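Comments concern the structure below.
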Amino acid sequence: MTFEQIDGKVDIPSLEREVTEFWNANRVYEKRVEMQAGRQPWTFIDGPITANNPMGVHHAWGRTYKDLWARYWFMRGREVRNQNGFDCQGLWIEVEVEKELGFKSKRDIESYGVAEFVKKCKQRVLEFSAVQTEQSIRLGMWTDWDDPGELRKLKAALEDPLAETTYVGTHGPVTGTAEELVGKLGSREMGGSYFTFSDENNYMIWTVLKRLHERGLIYKGHDSMPWCPRCATGISQHEIVTEGYRELTHASVYLRFPLRGREGSLLIWTTTPWTLTSNVAVAIHPDLDYVKVSHEGEVYYLSKGTLPTVFPSGGYEVLEELKGAKMLGWSYNGPYDELEMPKSLGAPEAHRVIAWGEVGEAEGTGMVHIAPGAGKEDFELGVQYGLPVVGPLDEYGVFKEGLGWLSKTHVYDSPQPIFDDLKEKGILFRVQDYTHRYPVCWRCGSELVFLHAEEWFIDMGRVIDKPLDEVTEEEKEKNLRYQMMDSAKQARWIPGFGLARELDWLKNMHDWMISKKRYYGLALPIWTCPDCDWYDVIGSKEELKERAIEGWDEFRGHSPHKPYVDAVKIRCAKCGGTATRIPDVGNPWLDAGIIAYSTLDYRTDRKYWDKWFPAHFITECYIGQFRNWFYSMLAMSTILERRTPFEVVMGHGTVLAEDGRQMHKSWGNAIWFDDAADTMGADTMRWLFCSWKPENDILFGYTGTGDVKRLFFMPLLNVFNFFTIYAELDGWTPDQQPEALTELDRWILSRLNSLARHATEELAKYEVFSTCKEIERFVDVLSRWYVRRSRRRFWRSEADDDKKAAYATLYTCLKTLTLLMAPVTPFLTEAIYQRLVRGAEPDAPESVHLCTWPEVDEGLIDEGLMERMDLAVRVSSMGRAARNTSGIKLRQPLAEAVVVADTDDIERLMSLRGLVEEELNVKAVRFTSESGELMGLEVKPVFALLGKKHGRNVPRVAEAIKALGKAEAVRLQNGEAVEIIVDGATVEVLPEEAEVAPVQVEGYSVVEEAGLLVGVRTEITPDLEREGIARDIVRRIQSLRKEADFEIDDRIATYYSGDPSIEEVFEAEGDYIKAETLSVELTKGEAPGGAYSGEFDIDGKKLGLYLLRVDG
RNA sequence: GGGCCCGUGGCUUAGGAUGGUUAAAGCGUUCGACUGAUAAUCGAAAGAUCAUGAGUUCAAAUCUCAUCGGGCCCA
């Protein structure tokens, strides 16, 4: 069999499974890679997906892009490097493992054992990297995948980390301890995806951090961060924003801070009484109006605007009004100045009034209590004003030593005792319930506190207060911020506003906090001396070994993770003490940011790195990546090489559910990737994603993918099936080329080549949306015009040249289209290619994905022809509309269609008239530039105006107006007055007294549109009527043939009986009926036994038909 | 508060860089047709002052500014 159909009721997912099996059985991907080795490189760097859960449909969007350009460049003949990557370290994985193990806090991890916990984290990564690998293969992603089974075996082997095992990588088996092999995943020796927990990835970051340290850019700082006392962990701002707020009611307190050296107190309000232990300053707004008031014998300062809320029942007297600015620098006595910790840190001496622009009057007293050790903004203000930092809580929310009676009590139990204490001290003003949105831990729901912690930072460079382009080379020299901006500008950002966003982030970013007080992640290579302030950064495993003074044996054979690496100690270069590693792990964006170096063997094989760096292309969902992955990639590359690691970066939007909301398990609008792949199919998703503008968020669901299938895939498959049915029947093969092509053929080939040109150029620019739209348009015209207008050419029984032309043309269209679509819909195109090309062209590559990208034949692009055909399509469409309004069915032939157009258009349409005749089922198309052929002008009197002017003569005037000729009508239309004769008198008719409207000429149904007029003659002569009936008869015979299950090319004998007027048609139109229905004879009367019969009704007249298959 | 994006028929979106006849699709609605691609398909109709206001221009959905509304990022 040369050509093979695809079942019209095709189940796309099962088709895709069949294609996957074909690829696997024939090692198609491997063959492609071998074919391209040593050619011009194309390199893609994958932003790692967190291997922590199954992937979602939102991942499928970006992954579709990632795959499509790799396939495109494969077809363009490049050597492609597109290694997939997994993000393997960080809190998210810890959280899932904690859930698995039922842990509630960090204490649970400590008692379980850090080594075991880290192992569990690695095992989780191996499990889900296997799952995601399977899913990605299901999506059709082509890259050097690990065998998921091997990943799972390695996971099991890791149970005993130091035991020998073997991993079958993509280049063959590798043997080592389980922990060693895990640490080598993704290396050139092992093949497969890269894993950010690999030894190389971690040590490469050590190298970077050491370089930064050598430049003096690593420092220890402080931060005040939201903290869950129950989980004993910091919570990032991001975690709070997504689901971390709850409506809560707390007891808030108003209290007095007595002023030093002047009368009265500052009136302070706070919702977090525990922070009063750490008060250092009071912030006011310098421009706000404040008042000094007396109330029940006490004197207070507060802002004027808050008087009504503070004293709801009045009873105060304003003694003085003043601007906030006048109070700056005033000193006061804090509520806990007697405690040892604040005293030792110098808080009492520091107490003063400071300015802060964020102070408002919406709540409180317009005076804000500032505790730099217990709040984020407080901390920043503290840095700005050089205030001491009092951090009262430990990581479990317990008050530290040095806080008197509060020490060792828990922060959650503190409000009431504090209120009692304040009352005893005589500074309590009022306690009052207050409801607000308060941050809580997204894992356990505990209320968060702010904790002051030591953290490690990279100095990203100060902001220089001048326009970007005026920053000098010298200023940039020590300033990563500006160097990164330069790197960012070297890349092309899609969409264009991406660069502006990245630069905005770079302008505003703070120093990079790289430490996190957790267990599973990059071991920050910072060793500190417990006896002095010395610290150093280690740049490699080798350096660590060399400098180790103890613990190396314990560490040997392990990956650089906690707890083993912590055993290694080095000598303090300053005091000779024993320095230990800080317990912190690294920010996971360090892991993802380094991969343009770590995965390309930057440290060990610079030639290899040179070949593949920088990436030609990267793409990710842009929400968040400007400050995450794009940022960290730029940072690392700027530190190491001061250049961008990617040439083109494309960002795309987020996937939303079809109701326009985020997909959410509990809202019931989420779609899982596996379900989507199983029901709608991977290619359907891929097409939906690619035919969407990347910068817009996409509404993803079964309606959209259903449309893809119904409006695009099905018409395409229908055309394909149409071709295969007839080509197979006729035994056409591609070597049967025609002598000449028709205009219709040349037109569709012209369309095809301009499509190919568009696709080639746009895909090279990383633009796929418009290509998909063009392809959809092409399939539309191919189906609705080329094939529809060519159908009869395929039906003819003899194989003439015109038929060859039709086959050759349609074959070329389908084959080229398949190649153009191959990168976007790899499964569907493979299914078509196998059935269309493989049987017909013995030398064709065995897979569509082993083909080269189609060449564009510019010579076949004929702009003039395409314009003319567009015109013919429009005329046909208008003609159909005209028939439609006349109510005459299309099967009924009509005598003529008249087209009114200018002479140029007539000229252009002339050679295409045959197509229009067939399409409109008319005997002839007549062209004219005289619109009067189809449209007259009707003049209607405006009675409202005429009545006043002519009184009782109106009817006769109106009569005369209606009877006006065309010339006068035109003058009226042009705003001129005309004269008429009524009863012998001359009457002037003003333009406003008559409405002029076009009206159709009798006997035609007419449609008008933009300078064109198309009409069909509606008269049905007896001859035409007979022909119409003949077509009706043909249709009934055809449907009967089909019911009878005859083959398309079976010959039949037809017997008929019925109304005399119908029988007469059989005689008059016999030849036509015979030819159309493959009837070798037409016989009046009932058939012999065994005939297939049917009774019909044609416009109320009876028809009986009896069909017999004839052999030979 | 700063930066960026988006507002187009009932719904979902094209078009927008380069201003130019009557703003284009699909869904939905209504009517009709076709019939050897057929549980498919095709045609037609109704439906939009292109968020609002101003400006530039002979001409603005498109360019500029402002306002309103929605979203994202950073404070």
Side-chain angles (χ1 to χ4, degrees), chain A residues 5-6 8-9 237-238 241 357-358 376-377 380 493 495-510 621-628 631 651 653-654 656 658-660 662 691-693 695-701 703-704 706-708 710-712 714-726 729 769-770 772-773 776-777 780 783-785 787-788 791 794-795 876-892 919-921 1007-1011 1031-1032 1034-1050 1076-1078:
Chain A
Q5 266 185 273
I6 291 178
K9 291 173 210 129
Q237 206 68 39
H238 175 76
V241 168
E358 297 298 308
K376 184 126 185 103
E377 289 94 347
E380 281 157 16
W493 295 72
F497 61 74
L499 177 61
R501 280 210 190 176
E502 188 63 39
L503 290 177
D504 182 58
W505 159 258
L506 292 174
K507 198 176 78 196
N508 294 304
M509 69 176 173
H510 293 185
C621 168
Y622 59 41
I623 305 303
Q625 299 307 344
F626 293 105
R627 68 188 168 94
N628 289 328
Y631 158 78
T654 35
L656 302 174
E658 273 189 332
D659 58 11
Q662 296 272 356
S691 58
W692 196 263
K693 291 216 296 187
E695 65 265 36
N696 290 347
D697 293 345
I698 190 169
L699 305 189
F700 183 90
T703 311
D707 282 353
V708 168
R710 197 170 52 84
L711 298 171
F712 178 56
M714 290 320 292
L716 173 62
L717 286 176
N718 280 334
V719 172
F720 166 73
N721 282 335
F722 175 83
F723 173 84
T724 53
I725 288 170
Y726 288 101
L729 205 59
F769 165 75
S770 72
C772 287
K773 289 294 156 193
E776 285 175 0
R777 247 167 255 147
D780 194 65
S783 164
R784 291 187 197 172
W785 190 253
V787 172
R788 193 165 77 219
R791 279 167 73 170
F794 295 94
W795 292 345
S876 302
S877 164
M878 290 168 67
R880 274 197 307 269
R883 288 195 67 120
N884 209 41
T885 48
S886 75
I888 302 169
K889 53 190 175 186
L890 196 51
R891 217 177 304 131
Q892 174 61 57
E919 180 69 16
L920 297 182
N921 194 16
V1007 163
E1008 185 183 15
E1009 184 189 297
R1031 288 188 62 151
D1032 257 325
V1034 167
R1035 197 198 124 208
R1036 312 294 182 198
I1037 296 175
Q1038 301 289 33
S1039 59
L1040 203 55
R1041 278 183 67 113
K1042 204 173 166 216
E1043 266 179 55
D1045 270 341
F1046 292 171
E1047 292 301 318
I1048 290 172
D1049 52 349
D1050 281 342
E1076 289 291 313
T1077 60
L1078 300 185

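Letters A, B, ... mirror the listed sequences (proteins, then strands); counts begin at 1. Side chains are part of it too, since the values below use all heavy atoms of this structure and drop only hydrogens, waters and symmetry mates. Please read all numbers here as calculations on a predicted model, not as lab measurements.
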Handout entry: Distance in angstrom units between Asn921(A) CG and G43(B) P, rounded
Key = 17 Å
Handout entry: side-chain contact (heavy atoms from CB on, under 4.5 Å) involving Leu920(A) - partner list, sequence neighbours excluded
Key = Arg880(A), Ala897(A), Val916(A), Val922(A)
Problem - Any residue meeting side-chain hydrogen bond (donor to acceptor under 3.5 Å, both in side chains) with Ser783(A), in chain and number order, not counting sequence neighbours - result: none
I'd like a table of atom pairs between the protein and nucleotides 24-27 of chain B - only N or O on both sides, under 3.5 Å - with the distance next to each one.
| from | atom 1 | to | atom 2 | distance (Å) |
| --- | --- | --- | --- | --- |
| C27(B) | OP1 | Arg710(A) | NH2 | 3.3 |

Exercise for the section: Would you kindly give the CD-to-C1' distance between Gln662(A) and C72(B), to the nearest whole Å? Expected result: 11 Å
Exercise for the section: Using the P atom on both, measure C58(B) against G1(B) and round to a whole Å. Expected result: 39 Å
Exercise for the section: Kindly say if Ser877(A) contacts the phosphate of A44(B), meaning a side-chain N or O under 4.0 Å from OP1 or OP2. Expected result: yes
Practice task
Could you measure between the two C1' atoms, the one in G20(B) and the one in U57(B), and give it in whole Å?
Solution key: 12 Å
Exercise for the section: Can you tell me, in whole Å, how much space there is between the C1' of U13(B) and that of A23(B)? Expected result: 14 Å
Practice task
Assign each of Leu699(A) and Glu380(A) to its nearest nucleotide of RNA chain B by heavy atoms, then name whichever residue's nucleotide is nearer the 5' end.
Solution key: Leu699(A)
Handout entry: Nearest-0.5 Å distance that lies between atom CZ in Phe497(A) and atom OH in Tyr622(A)
Key = 4.0 Å
Fill in the blank from the handout: The residue, Gln892(A) or Ile725(A), whose nearest nucleotide of RNA chain B is more 5′ is Gln892(A)
Problem - Under 3.5 Å side-chain donor-acceptor pair for Arg1031(A) and Asn921(A) - result: yes
Practice task
Please state the C1' separation for the pair A25(B) and U67(B) - nearest whole angstrom.
Solution key: 32 Å
Handout entry: Residue-phosphate contact under 4.0 Å: Arg880(A) side-chain N/O, C42(B) OP1/OP2
Key = no
Practice task
Using a 4.0 Å heavy-atom cut-off across all strands, classify Lys773(A) as base, sugar-phosphate, or nothing.
Solution key: nothing
Handout entry: Pairwise C1' distance for U62(B) and C6(B), with rounding to whole Å
Key = 15 Å
Fill in the blank from the handout: Residue set satisfying side-chain contact (heavy atoms from CB on, under 4.5 Å) with Gln625(A), at least two apart, ordered chain then number -> Trp589(A), Glu620(A), Asn628(A), Trp629(A), Phe630(A)
Problem - Options C74(B), G15(B), A37(B), nucleotide nearest the side-chain atoms of Asn718(A) - result: A37(B)
Practice task
Answer with base, sugar-phosphate or nothing: what part of the nucleic acid does Phe700(A) contact at a heavy-atom distance below 4.0 Å?
Solution key: nothing
Completion exercise
Taken in chain and number order and not counting sequence neighbours, the residues that satisfy side-chain contact (heavy atoms from CB on, under 4.5 Å) with Leu729(A) are Tyr726(A), Ile1048(A), Asp1049(A)
Practice task
Not counting sequence neighbours, which residues clear salt bridge (charged side-chain N to carboxylate O under 4.0 Å, His left out) with Asp697(A)? List them please.
Solution key: none
Exercise for the section: Taking the side chain as every heavy atom from C-beta outward, state whether Met509(A) and Tyr631(A) have any pair of such atoms under 4.5 Å apart. Expected result: yes
Practice task
Rounded to the nearest angstrom, tell me the gap between atom CD in Glu658(A) and atom P in U13(B).
Solution key: 11 Å
Completion exercise
Gln625(A) atom CD is separated from C74(B) atom C1', nearest whole Å, by 16 Å
Exercise for the section: Please measure how far the C1' atom in G9(B) lies from the corresponding atom in C27(B), and state the result in whole Å. Expected result: 12 Å
Practice task
Provide, to the nearest angstrom, the distance between the CG atom belonging to Asp697(A) and the P atom belonging to U12(B).
Solution key: 13 Å
Completion exercise
A correct dot-bracket answer for RNA chain B, with pairs being Watson-Crick or G-U at under 3.5 Å, [ ] for crossing pairs and | for inter-strand pairs, is (((((((..((((......[...)))).(((((.......))))).....(((((..]....)))))))))))).
Practice task
Figure out the CZ/P separation between Arg627(A) and A75(B), and round it to whole Å.
Solution key: 8 Å
Problem - Residues which pass side-chain contact (heavy atoms from CB on, under 4.5 Å) with Glu776(A), listed by chain and number, not counting sequence neighbours - result: Trp687(A), Ser691(A), Phe712(A), Lys773(A)
Handout entry: For Ser877(A), side-chain hydrogen bond (donor to acceptor under 3.5 Å, both in side chains) partners two or more places apart
Key = none
Output one line per pair: protein atom, nucleotide atom from nucleotides 3-7 of chain B, and distance, for all N/O pairs under 3.5 Å.
| from | atom 1 | to | atom 2 | distance (Å) |
| --- | --- | --- | --- | --- |
| C4(B) | O2' | Arg501(A) | NE | 3.0 |
| C4(B) | O2 | Arg501(A) | NH2 | 3.3 |

Practice task
Just compare U38(B), C74(B), C42(B) and give me whichever is closest to any side-chain atom of Arg791(A).
Solution key: U38(B)
Practice task
Check side-chain hydrogen bond (donor to acceptor under 3.5 Å, both in side chains) between Gln892(A) and all other residues, then give those that pass, not counting sequence neighbours.
Solution key: none
Problem - Atom C1', compared across C31(B) and A66(B): separation rounded to whole Å - result: 47 Å
Fill in the blank from the handout: For Phe722(A) and Phe794(A), the nearest pair of non-hydrogen atoms, with its separation, is CE2-CD1, 3.6 Å
Problem - Nearest-angstrom distance from the residue atom CG of Leu656(A) to P of U12(B) - result: 12 Å
Exercise for the section: Can you tell me the distance, in whole Å, between the CG atom of Asp1032(A) and the P atom of A33(B)? Expected result: 12 Å
Practice task
Tell me, please, which residues at least two apart from Asn696(A) pass side-chain hydrogen bond (donor to acceptor under 3.5 Å, both in side chains).
Solution key: none
Problem - Gap in Å between the two C1' atoms, one belonging to U52(B) and one to G70(B), rounded - result: 15 Å
